[in-house]
2 protein chains.
Amino acid sequence: MPGVGSLLNVTHQVLVVDDDPTVSDVVRRYLEQDGCRVRLAADGLSALAAVDAERPDLVVLDLMLGGLNGLEVCRRLRAGQPGLPVIMLTALGEESDRVLGLEVGADDYVTKPFSPRELALRVRSVLRRTTPAVEPGGGLLRDGELVADTGRRTAELNGRALALTVREFDLLEFLMRHPARAWSRADLLDRVWGWQFGDQSTVTVHVRRLREKIETDPGTPARLLTVWGVGYRYEPAGHA
Amino acid sequence: MPGVGSLLNVTHQVLVVDDDPTVSDVVRRYLEQDGCRVRLAADGLSALAAVDAERPDLVVLDLMLGGLNGLEVCRRLRAGQPGLPVIMLTALGEESDRVLGLEVGADDYVTKPFSPRELALRVRSVLRRTTPAVEPGGGLLRDGELVADTGRRTAELNGRALALTVREFDLLEFLMRHPARAWSRADLLDRVWGWQFGDQSTVTVHVRRLREKIETDPGTPARLLTVWGVGYRYEPAGHA
DNA sequence: TCGCGACGTCCGCACTTCGTAAGATCCTGA
DNA sequence: TCAGGATCTTACGAAGTGCGGACGTCGCGA
């Protein structure tokens, strides 16, 4: 049981489309354990809406859907966002389904009944393949004397390397990518941890730990500020 | 299964011939993720023209084509450029098609429905088979006192030859080609071993064995670093 | 046939990291 | 000023993670 931590520097968002709550629930748990943020949709129309609103990195799509047919959904997805990877859940051994699925442009398929573990592996595999290895900006996030290298997963302050843990780095990366904006603990729990629910004090503690490392005086933070009653906000300290 | 690393710096060009845009689109994405440049053609005539104009390294050819028959296209390709590898997409289970395909000289065939992942793997393997190991830079990877010769597949440290096994060399080559970036074990398993899934401890062990040979003190590695909770990263130690 | 090296897997140990709980402290509005 | 809630701080146990050692298998050459 690998149970690997977040494998990529950014938490991916996956949309799971299935009208059976039992299935989608299990799938969600597995994917979340893998460090993905997960959204659910029960039918084709809400799936299309969710894709539009949430901009997921990947869609897991059940072929057998009430209302709009899974194939039709897939086709429209492709039309709307050509690059969006789709993994299709097909009924047991329906050869014709596979043909159709792949012709409509699914990236991979998993036949029911499937082990959620296998699905999770496929998702990771497709994501790994889809996510470009090199980022446009070279993966460097810079704020004055604080520099985070997302490719290397290292950070340094005043030229000295910081020993950040996985979570700390993920949190810092997210905040530096979305500066000057207040985020609630629930937001951070969702976007950084990939949890839709959970103990928010987790965020509090990690912010504390991160401050300990990136702030000169953790008591009076200069970058990672508290927004009272709301959450936190990253304020670049960098001079022009 | 030798490393994929060798494919990565030389960009191969692949021509995909299929009259279904949804199929060719997915295929293109996969191949591009693998570092290939991809051209598309929708029918036999434009395929022949494209081969002439673009000089691809490989052709993926759908047997069922509007206009000119796939077999005929293949035959003409062979006539025009005997060395050009062709992977043929054949319809489901049509035994006769396979026979014909191979008789016309296809290097490999994939039956529909295929997963794009599978096709990409075949393309890799065919390219690896057919592309001679000559590289522009002489195939020398240099990092200070550590030099790897990808052509003759040897490495030396401080002028002394290293006895690297196949896997060890593949791993080293991949890492030296993609330095200063954190790779998860799953990434390495995928890109060096060519496995989608599998026991990640395999990577751990090989990293250890490689360290034993390239690091002065394997206990505190200077080049092949552990990124805690993520994986590994190759950090060039080389002075100017 | 035997011996050997390469390779993948497994086990146990040491260490790190994480989430949660609990108490202290701070802020806000009445 | 006071009460109530939000935030901070610390500590701890559980789970995760990496590493070294060792073992079994496979393929190859002697």
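Just so it is clear, the model here is predicted, and its values are computed rather than measured. Naming: A, B, ... by sequence-line order, numbering from 1 per chain.
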(message) Could you check whether B:T202 and B:D199, counting side-chain N and O atoms only, form a donor-acceptor pair closer than 3.5 Å?
(response) no

(request) Between B:D199 and A:L164, name the one whose nearest nucleotide on DNA chain C is closer to the 5' end. (result)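 Of the two residues, B:D199 wins.
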
Are any of the side-chain heavy atoms of [X] and [Y] separated by less than 4.5 Å?
X: A:V16; Y: A:R39; value: no
X: B:E145; Y: B:E156; value: no
X: A:L141; Y: A:V147; value: no

(message) Base, sugar-phosphate or nothing for A:T226? Non-hydrogen atoms, less than 4.0 Å.
(response) sugar-phosphate

(request) Identify whether any heavy atom of A:V230 sits under 4.0 Å from a base atom; if not, whether one sits that close to sugar-phosphate; answer base, sugar-phosphate or nothing. (result)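 Here A:V230 touches the backbone only, sparing every base.
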
Between [X] ([atom1]) and [N] ([atom2]), how many Å, whole number?
X: A:R185; N: D:dG5; atom1: CZ; atom2: C1'; value: 12 Å
X: A:Q33; N: D:dT17; atom1: CD; atom2: C1'; value: 15 Å
X: B:L188; N: D:dG18; atom1: CG; atom2: C1'; value: 15 Å
X: A:L189; N: C:dC18; atom1: CG; atom2: P; value: 14 Å
X: B:R233; N: D:dG18; atom1: CZ; atom2: C1'; value: 16 Å
X: B:D217; N: D:dC19; atom1: CG; atom2: P; value: 13 Å
X: A:D34; N: D:dG16; atom1: CG; atom2: P; value: 13 Å
X: A:Q200; N: D:dG5; atom1: CD; atom2: C1'; value: 14 Å

Would you tell me if any nitrogen or oxygen in the side chain of [X] comes within less than 4.0 Å of OP1 or OP2 on [N]?
X: A:Y232; N: D:dA6; answer: no
X: B:T165; N: C:dC7; answer: yes
X: A:T202; N: C:dT20; answer: yes
X: B:W228; N: D:dG16; answer: no

(message) How close do B:V227 and A:R153 get, counting heavy atoms only, and between which atoms?
(response)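 For B:V227 and A:R153, the tightest heavy-atom pair comes out as CG1-CB, 4.3 Å.
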
(request) Might you point out which heavy atoms bring A:L84 and A:D107 nearest each other, and give the distance in Å? (result) O-OD1, 4.3 Å

(request) Decide if the gap between the ring center of A:W183 and the ring center of A:Y234 is smaller than 6.0 angstrom. (result) no

(request) Could you point out which residue of A:L188, A:L189, A:L171 forms a side-chain contact (heavy atoms from CB on, under 4.5 Å) with A:H206? (result)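 Exactly one candidate clears the test, A:L171.
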
(request) Kindly state which residues belonging to residues 204-216 of chain A come within less than 4.0 angstrom of DNA chain C, counting heavy atoms of the residue only, listed by number. (result) A:V205, A:H206, A:R209

(request) For each nucleotide in nucleotides 25-30 of chain D, reading 5' to 3', give B when a protein heavy atom comes within less than 4.0 Å of its base, S when such contact involves only the sugar-phosphate, and - otherwise. (result) ------

(message) Starting the side chain at C-beta, find the nucleotide from D:dC19, C:dT20, C:dG19 nearest to A:W193.
(response) C:dG19

(request) Provide the full list of ring-ring contact (aromatic ring centres under 6.0 Å, His included) pairs with a residue in residues 207-227 of chain A, sequence neighbours left out, each pair given once. (result) none

(message) Under the side chain to side chain donor-acceptor pair (under 3.5 Å) test against B:Y232, which residue among B:R211, B:R185, B:R181 passes?
(response)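 Only match with B:Y232 under side chain to side chain donor-acceptor pair (under 3.5 Å): B:R185.
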
